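Here the structure is laid out as structure tokens; the discussion comes afterwards.
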Protein chains: 2
Amino acid sequence: MSTPAKRNTWQREAVREALGHNDGFVSAQALHAVLREGGSPIGLATVYRALADLATADEADSLQSPDGENLFRACTSSGHHHHLICRSCGLTVEIEAHAVEAWAQDVAAEHGFTAAQHVVDVFGLCAACTKLAAH
Amino acid sequence: MSTPAKRNTWQREAVREALGHNDGFVSAQALHAVLREGGSPIGLATVYRALADLATADEADSLQSPDGENLFRACTSSGHHHHLICRSCGLTVEIEAHAVEAWAQDVAAEHGFTAAQHVVDVFGLCAACTKLAAH
DNA sequence: ACTCATATTGACAATCATTATCAATAAGCC
DNA sequence: GGCTTATTGATAATGATTGTCAATATGAGT
Ligand SMILES: [Zn+2]
Ligand SMILES: [Zn+2]
Ligand SMILES: [Zn+2]
Ligand SMILES: [Zn+2]
């Protein structure tokens, strides 16, 4: 019952590359659409599976958008960080938040909570999308 | 196109009360089940609508669980705030985070983002659950 | 209390992201 | 080249949420 052997398929690699060519967070559906438009016959379920694998292998970051979608992004920095995300085009900026890290620790400790984790994401409209939205 | 007048129905009040009788975050489905078990013939769609209204009226807090469900909770303190939640028993503490509010605004503005929103939640083990977990 | 214009309800259908099926395929190993 | 079995992908299934719309109830006006 050891770890089931992983195999290398062009599908996995295609998803990895497609993620890498994208700056922001993308949904599985969107990534699948991009791949198909690029001529790949890859299946939707496979994209979902590949993204889930990449996320558990810490090769991709994942978060849920305000409307419940699961979004993925190629992992650039390996350390702990947070994101500023355009909810229109997906443009993402990695942000440091030392003050927030400390605050989270403190507030948890103050109330006797242990093993504290936190979810901190900022969503907005990037400069470009803000202009577009202004007709 | 002024604001459409709101009417008071026993359904709205039932949802409000059911929320108040619950300490932690609950899903619309769960709250509907509780109400029906209590003898109320309220409809599921109505519970969804009532909860959405309460949330927009800042009478209830909402957040999405790690698996994508929308959860609601009666609001004890008024105004914008965040939550410290025990991931074992659901105990919830409302927390102020003025520093985080300012940080979120600044970081968004610094990168030219507008209409910034943020998701900030702290999950951990409360004091009681920490003791239990210590065998 | 009666009327009326309309906000609200609720059973049900529709949507939408995600997951489960499962036969067909292909990766890695001999 | 064969064998084992992880992987794929078309499709069905799931499950939470939202839309539909006729029937109902609310609140203001009389
Ligand atoms: Zn944008
Ligand atoms: Zn952090
Ligand atoms: Zn607890
Ligand atoms: Zn805040």
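Because the structure is a prediction, the values reported are computed rather than measured. The analysis underlying the following values was restricted to heavy atoms, covering all of them including side chains, and did not include hydrogens, waters or symmetry mates. Naming convention: chains lettered A, B, ... in sequence-line order (proteins, then strands); numbering from 1 in each chain.
Between dA17(C) and Gln64(A), no contact under 4.0 Å exists linking OP1 or OP2 to a side-chain N or O. Between dA26(C) and Gln11(A), no contact under 4.0 Å exists linking OP1 or OP2 to a side-chain N or O. Dashed line: the shortest gap from a side-chain N or O of Arg12(A) to OP1 or OP2 of dT7(D) is under 4.0 Å. The phosphate of dT7(D) has neither OP1 nor OP2 within less than 4.0 Å of any side-chain N or O from Thr9(A).
Ile42(A) has its CD1 atom 14 Å from the P atom of dA26(C), to the nearest Å. Counting to the nearest Å, the P atom of dT18(C) and the CG atom of Asp67(B) are 12 Å from each other. In this structure, CG of Leu51(B) is placed 11 Å from P of dT18(D), rounded to the nearest angstrom. Rounded to whole angstrom, the span from the NE2 atom of His32(A) across to the P atom of dT11(D) amounts to 12 Å. The CG-C1' distance, from Asn8(A) to dT7(D), rounds to 12 Å in whole Å.
How far OG of Ser65(B) is from CG of Leu71(B): 5.0 Å, rounded to the nearest 0.5 Å.
Taking the side chain to side chain contact (heavy atoms under 4.5 Å, CB included) definition, one finds that Cys75(A) meets it with Asp61(A), sequence neighbours left out.
A salt bridge does not link Glu59(B) to Arg12(B): none of the charged nitrogens lies less than 4.0 Å from a carboxylate oxygen. Salt-bridge formation is not detected for the pair Asp23(A)/Arg73(A): no Lys NZ or Arg NE/NH1/NH2 atom is positioned less than 4.0 Å from an Asp or Glu carboxylate oxygen.
A continuous path of hydrophobic side-chain contacts links Leu31(B) to Ile42(B) [ILVMFWY only; heavy atoms under 4.5 Å].
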Criterion side-chain hydrogen bond (donor to acceptor under 3.5 Å, both in side chains) on His80(A) and Glu101(A), from CA distance to verdict: CA-CA 10 Å; His80(A) 179 85; Glu101(A) 313 301 340; 3.1 Å; yes
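Rounded to 10 degrees, the angle separating the terminal helix axes of the helix from dA1(C)-dT30(D) to dC30(C)-dG1(D), each built from five base pairs, is 40°.
No side-chain donor from either of Gln11(B) and Thr46(B) sits under 3.5 Å from a side-chain acceptor of the other.
Less than 6.0 angstrom separates the ring centroid of His83(A) from the ring centroid of Phe25(A).
Nearest nucleotide to the Arg7(B) side chain, out of dA11(C), dA20(C), dT26(D): dT26(D).
Nucleic acid contact for Arg49(A): base, since at least one base atom lies under 4.0 Å from a heavy atom of the residue.
Annotation for His82(A) and Ala97(A): closest pair CD2-CB, 4.2 Å, computed over non-hydrogen atoms.
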Quick test: give all pairs of protein nitrogen or oxygen and nucleotides 14-17 of chain D nitrogen or oxygen below 3.5 Å, distance rounded to 0.1 Å.
unit_1	atom_1	unit_2	atom_2	d
dT17(D)	OP1	Asn70(B)	N	2.8
dT17(D)	OP2	Tyr48(B)	OH	2.7

